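Inspection log for the structure reproduced underneath, given as structure tokens.
In this chain, residues are counted from 1 in sequence order. Since the structure is predicted, the reported quantities are computational estimates derived from the model, not experimental observations. Heavy-atom basis, side chains included; hydrogens, waters and symmetry copies ignored. Atoms within each ligand, like the ligands themselves, are counted from 1 in listed order.
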Amino acid sequence: MKKIVVLSGAGVSAESGIKTFRDSGGLWDGYNVMDVASPEGWTKDRELVLGFYNERRKNAISAKPNEGHKIIAELESQFQVIVITQNVDNLHEKAGSTKVLHLHGELFKSRSTVDPNLIYDIEGWALNIGDKCDKGSQLRPHIVWFGEMVPMMDVAVEETLSADIFIVIGTSLQVYPAAGLLEYVKESNPKFIIDPNMPELLPRSNLFLIEEIGSIGMNKVREILIKEYL
Ligand code: APR
């Protein structure tokens, strides 16, 4: 079976009613990113940070996967598919994708502030001051904040190096190291970029730009994959 690696960003969840970050009206329009998504912000005002993620969970808890997510999951019937996502929502899993690597953490999980290996599921949407780990420390969102290491990056590079086909969907490719994954795809292998507002991209061979929203773009890519890469 040919191996597809999908790199996804907030745009793939836009049609499920989840805001992107940098589009107009996006999440970063309403917040100073360093106040709510950095270790410094956490030290300065935990209540603000917990409130920010509680709101995001409230919004995401009833979100449903859209056709873009579903097609990515369905491709597993004919291809080996690895999803490397920058998204912290669980819509790829809800759509049925079985191999999902969350580079930036997971919204519905919390972790200890003294032992990063202590990770817990969050029931419902609330994580509050006073919620403690087994070692008695305040729990924090299990999210990779700006300035923090991206623990899954090595695995993501490994997967990308052995990709036969690479699909990028719904990411502005502005945040590193995730945006750097494109560099690891073999020059001779096809790279599909799906985005209604195509990000700046260095010219390279076998690059196919599909200026569409996720659901339409994935339909087009699936047609090409089945016709030319099975
Ligand atoms: N379908 C596909 N793509 C879309 C859609 C859609 N319906 N709507 C918007 N997009 C595109 C936008 O054009 C943009 O290029 O999705 C992209 C979203 O970009 P960002 O908001 O920058 O989100 P992302 O690239 O995922 O951000 C990366 O930055 O804020 C941090 O940690 C956070 O994981 C996040 C990282």
Side-chain angles (χ1 to χ4, degrees), residues 5-42 49 52-53 55-57 59-60 63-73 83-92 95 100-109 111 140-153 156 166-183 191-202 207-222:
V5 171
V6 178
L7 173 64
S8 73
V12 75
S13 295
E15 291 159 70
S16 298
I18 297 189
K19 281 186 180 173
T20 64
F21 295 92
R22 293 171 185 82
D23 289 309
S24 64
L27 271 172
W28 295 149
D29 270 8
Y31 288 90
N32 170 340
V33 59
M34 296 315 278
D35 284 349
V36 292
S38 75
E40 297 74 26
W42 175 252
V49 175
F52 170 71
Y53 288 100
E55 279 311 306
R56 290 185 61 188
R57 277 185 220 99
N59 180 39
K64 301 222 170 355
N66 62 64
E67 202 182 350
H69 295 109
K70 291 177 185 161
I71 293 172
I72 292 168
V83 177
I84 300 172
T85 188
Q86 298 167 83
N87 300 345
V88 295
D89 66 51
N90 54 4
L91 295 179
H92 282 298
V100 182
L101 209 158
H102 286 271
L103 281 182
H104 296 161
E106 298 180 65
L107 193 55
F108 289 93
K109 293 188 177 168
R111 82 167 179 264
R140 58 163 276 178
H142 181 50
I143 304 283
V144 176
W145 286 328
F146 286 95
E148 293 188 317
M149 296 291 293
V150 179
M152 304 300 283
M153 196 57 200
F166 196 71
I167 301 173
V168 176
I169 180 168
T171 174
S172 59
L173 294 171
Q174 291 185 37
V175 173
Y176 285 77
L181 282 171
L182 208 41
E183 313 307 324
K191 297 158 278 280
F192 298 91
I193 316 288
I194 300 170
D195 198 307
N197 320 305
M198 199 51 68
E200 293 280 317
L201 286 161
L202 295 172
L207 190 64
F208 304 95
L209 307 183
I210 296 159
E211 280 196 81
E212 300 282 2
I213 58 173
S215 55
I216 298 174
M218 277 311 304
N219 262 300
K220 288 192 174 178
V221 168
R222 175 169 54 186

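- Proximity to T20 (heavy-atom distance under 4.0 Å) selects the following atoms of ligand 1: 21 (O).
- Listed by first and then second residue, the salt bridge (Lys or Arg N to Asp or Glu O under 4.0 Å) pairs involving residues 21-41 are D35-K44 (not counting sequence neighbours).
- Considering only non-hydrogen protein atoms, atom 9 (C) of ligand 1 sits nearest to D23 OD2, 3.4 Å.
- Closest heavy-atom approach to atom 18 (C) of ligand 1 within the set G170, A37, G9, S8: this belongs to G170.
- Residue contacts with ligand 1 include E15, since one of its heavy atoms falls under 4.0 Å from the ligand.
- Among all protein heavy atoms, the one lying closest to atom 26 (O) of ligand 1 is A10 N, 2.8 Å.
- Atom 1 (N) of ligand 1 has its closest protein heavy atom at G214 N, 2.8 Å.
- Looking only at heavy atoms of the protein, atom 36 (C) of ligand 1 is closest to V175 CG2, 3.7 Å.
- For atom 13 (O) of ligand 1, the closest heavy atom belonging to the protein is D195 OD1, 2.6 Å.
- Every residue meeting the side-chain contact (heavy atoms from CB on, under 4.5 Å) condition with A60, not counting sequence neighbours, appears here in chain and number order: I18, L107, F108.
- The protein atom (non-hydrogen) at minimum distance from atom 10 (N) of ligand 1 is G11 CA, 3.7 Å.
- Here the protein heavy atom with the shortest distance to atom 32 (O) of ligand 1 is H104 ND1, 3.4 Å.
- In this structure, P196 has a heavy atom closer than 4.0 Å to ligand 1.
- For ligand 1, the atoms sitting less than 4.0 Å from at least one non-hydrogen atom of F146 are 30 (O), 31 (C), numbered in the order shown with element in parentheses.
- In terms of protein heavy atoms, atom 29 (O) of ligand 1 is closest to R22 NH2, 3.0 Å.
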